[in-house]
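Before any comments, here is the structure.
In what follows, chains are A, B, ... by sequence order, proteins preceding strands, each numbered from 1. Note that the coordinates shown come from a computational prediction; the quantities given were computed from them, not determined experimentally.
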Amino acid sequence: MASRAGSARRAPENEATIQYVQCDGLAVMKIVKHCHEESCSNMEVAQGALLGLVVENRLEITNCFPFPKHDDTMDEEEYQLDMMRRLRRVNVDHFHVGWYQSADVGNFLSLSLLESQYHYQTSIEESVVVIYDTKKSARGFLTLKAYRLTPQAIAMYKEGDYTPEALRNLKIGYENLFIEVPIVIRNSPLTNIMISELTEMIPEEEGSKFLDLGTASVLEGQLRSLMERVDELNQEAIKFNRYQQLVVRQQQDKHRWMVKRAQENAARAAKDETPLPEEDVNKLFKPHPVPPRLNPMIVAGQIDTYSQHISQFCSQSLAKLYLTQALQNAKEAKQNN
Amino acid sequence: MSRFFATGTDSESESSSEDEPVVRAPAPVYTFSDDEEETKRVVRSMKEKRYEELEGIIHSIRNHRKIKDFSSALASFEELQKAYTRAAPVVQKEENGVAPRFFIRALVELDDWVVGAWNEREARKALSKGNSKALTSLRQKLRKYTKDFEAEISKFREDPDLPDDNERKDSSSSDESEDEEKPIKEKPKPEPLLRPPPEDDESSDSMDWASSSSDSSFSSDDEERGTSNIREQFIKKVTKKEDDEEKIKLKLKKREERRERSGKINKRDVADDGGEWETVRKGAATSDKPKMFAKDSDIDAALVVKKLGEISAARGRKRTDRRAQLELLHELRTVALQHNLGDALQLKLRSAIVAALFDYNPKVSDAMKPEYWSKLVENIDHMVTLLLAHEDMVLSETILEENEQLVTPPYQVRGCLLTYLERLDDEFTKLLKECDPHSNEYVERLKDEVRVSALIDRVCQVVERDGTPQEICRAYLRKIDHLYYKFDPRAVRKDLPPTEETTIKKMERYCKYIYAHDETDRLRTRAILSHIYHHALHDNWFQARDLLLMSHLQETVQHSDPSTQILYNRTMANLGLCAFRRGNVKEAHGCLAELMMTGKPKELLAQGLLPQRQHERSKEQEKIEKQRQMPFHMHINLELLECVYLVSAMLIEIPYMAAHEFDARRRMISKTFYQNLRASERQALVGPPESMREHAVAAARAMRRGDWRACLNYIVNEKMNAKVWDLMVGADNVRAMLGRLIREESLRTYLFTYAHVYASLSLRSLADMFELPRQRVHSLVSKMIINEELLASLDDPSECAILHRSEPTRMQALALQLADKVGNLVDSNERIFEKQGSFFQRGGAQRGEGRQRERPREGWNRRTRNRRRDDERADD
């Protein structure tokens, strides 16, 4: 457990204030507990606040507490403040440094996540969102990832304009909405000692079930989700396509109208009359609203995560299969001999 | 209300509905010479109008007088003159040319005033110029004008304190005339018994009084002349003009009524101490037998016909008392019978009575009373008996009144038996619909069905004898209408002697006649539908199906009238049931799908109205829809229908679902079934099934698992037997068929679902598993192999199906599906790129096109090339 989880696939591109997130074992355990409880009882997402400190170039997360379930009778903000106040009394870091959320095989990317993180990051500069993947962790891979919005994403959200042009000007795409911050789990030396002792107490057969070959069901589920997303993206593409057709048709109409008006004006000029104004064209042809590109972008991001997961899973599975094949061959060879 | 039902008897219903709001029913006045009464009424209203006009002017003159405005008074006076000339004809008619008292009074008052003003010289001088001028001219004009009324004015001046008669606004004209004629002081004495006091007339129902009071005043003249014995006087008068029988009768009637009423009034007056009275009961007059003819007149056929003409002339009038008319007709018939005037006349009178009976019901939409209906049946029955008894008697619409032959054979009578019959039948249906189908009353009513059927049979005989082919068709269709929905147990018996005529044979005979001779398509359509229905009812699936396919009704039926469409729906429902009983599940599903898909088979079969959510139906619409409803004994059991539909949908859909589990473009066969199944699957906890629908769904789920035994248990158990299967003819056969089908389809489902986990399947064990004969399993598996539903080959010696593993695994299927979808996505993305002038394009140009455009271009180019090739091909 006391190992680094979540490899930093992508190095932070910009000069971020935070180089990595250091998470205390206690906070991690609390997150895991909360998320599992929540996802088992009902299929809702679990969310909570992270508490900690910024030290030099790292963000230390030392404690956390869950958000209550949505309840109208309770003021969530007040609850959070109360909670922090009480934690301070027991001498816990009370600096709000972000929030966490449970996820199911990387389906965390959504509009609401974007929104919340935007608000967090605009009010607390250093805040991160920690995503804990329940499903994957249940299979034995602890998946804890910290994300931050890129400056472009913040700018995009601030403008609230999701036209293709605006997005292009910001040079933003699904791949640079979020930036992953490496996460490090740190335990106190005492804990480390205890864990080391505990590992020795575990019987040898236990914990050797990593060679599970039942790949089909996991892959199937992921494929299905991926298909859904692809369908959705396709719908979006069709929507945009329709919009393009409309624009093209309108352009043609506009052009025709302009030509006609020019002819008329020429005729009028010949008769020494005042030319008709050309500005009417804007009144006649109102530009169609551009379909916002935010949703397709998010869907694309989701597809990207799914694909990554699938490819990762497949390579692991393949490796396992090759491994077992080799073992099997060796066994057969032994028997033959 | 009822005017929305524009049927033949529109006028009556309309008039009667207008009568309704009046609190009191019109007094039973036997006024057959209506014209007299009617003109009088018109004049009265004229009179009122004129008099009101006069009064208005007089009133304004009075006002002008008060403020001494001579010029306005002059104008008003001129107006008054004009108004009076306008009213003159009325006055002439009503009061024998004597000016009404209030008018005279106004003149006198005006005159006094003008003279007074004229005499006051000082005051006159003080008047403005216009006013004094007006005064002068008014005086002159008034003088000239009053000369015409000198006599009246002088009479008025004798005692000016008498009340103005016109204050009793619509009281009888006689008042006024009497006022003028006689010394007034005498007047009140003979009156109070006869006439209501003035206040009463002002009351709300004074309109009603209009007619009767005019009657009373009419006779009161006589009374005054010789009050001692009114009746004698009248009879004397009658004898004077004996030739005009009609008049006499009328008078007699009036007399009687008068006597009745005055007697009543007398009684009332004693009780009320001469106080007010307001009602004259309707029934009072009808207690007397109406008199038909003068005592000693010679009654012969012509006279009776004439009388009949008189009576029926009043038909449909607003004030005609329908019951009295009926009684008159009955009386007339008895008279005719007494004098032995021949059967043809009897027939004619009967037909008149039938018509009157139909009229008796004021609203077309409501059912008539059962007792009247049975009278109808009796009468029509008598008519048929008469017609059947006389070979040479013809009753037809085509015979005109003038050409009737009532006395000498060959008799010819105008009338249409068939129409009567049709209406009788319709009324019967209405009667049935009126009463609660679960009550004994309904059963009682339904017993009359036998009568109606018998009557139709007899009418058919008559029509066959002397009707046109079209009429025969109509009669036969009625016959068919009473036949087609009845199940004849003899028809399904195998050991039937060929001579016995079952209903099927009868239907065949009637329908064939209609097919051959009908000229309107409607009758033929209905006949065909009924025929199909009847066949379907008796499990003659092939005949029924062939008839339906031959008729090509499926394409055209939506253009027909609603009742035919309802019949079509009923036929289809029964055809579906028939197909199911015969084990043709697919056909059963096909027949029923259209009905059940909409979710409102109840309405489609006209077996009840469903509440509509989107928009309320208006009253008329509801009435129309109610009229279309089927009587209860003809209903088709909806639960049975739905169950059959669901079970057949299950037998088709479940194997299909199993076969096409990974097909992206899978279409569901039955939406309703699918929805039910989905709803059940979504439930977290599924309890044991209660309703029929739950049973069907539970069975479907069991079948999906390949658990045929559970499936069969859900479909065939005690509950379902009681609810559904026992209602079918040959319930045991149906159950056996169901068992077989469920096993077969479960086997197919099993093979579809689990074939991929087997390397080979032993047919023998399959047969054991599904308790099917081995040959059957063999044929099923072979069929699936042939249809490429199962990729396997049969190994005969070992009786095994050896499966070829060539179909993709689940994972592969999913991957393929994903590939499809990604392909679609790429397509639509490329289309976005293709569009010139898009945002991406322009941006690409700015940023040096390179990275964004380069890559997709190759694929895109290839595609456009292909497309171009396609275009060229298309051009070729």
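The 12-atom threshold is exceeded at CD of B:E789, counting heavy atoms of other residues, nucleotides or ligands nearer than 6.0 Å. Around CZ of A:R261, the count of heavy atoms belonging to other residues, nucleotides or ligands within 6.0 Å exceeds 12.
Taking CG of B:D827 as the start and CD1 of A:I238 as the end, the distance is 10.0 Å to the nearest 0.5 Å. Note that CD of A:E236 is 11.0 Å distant from CG of B:L825, once rounded to the nearest 0.5 Å. To the nearest 0.5 Å, atom CG of residue B:L816 and atom CG of residue A:L223 are 10.5 Å apart. Within the model, atoms CE of A:M227 and CG of B:L814 stand 4.5 Å from one another, a figure rounded to the nearest 0.5 Å. The distance from the OG atom of B:S828 to the NZ atom of A:K239 is 12.5 Å, given to the nearest 0.5 Å.
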(request) Given side chain to side chain contact (heavy atoms under 4.5 Å, CB included), test B:K821 with A:N234 step by step and report yes or no. (result) CA-CA 8 Å; B:K821 289 192 172 173; A:N234 197 10; over 6 Å; no
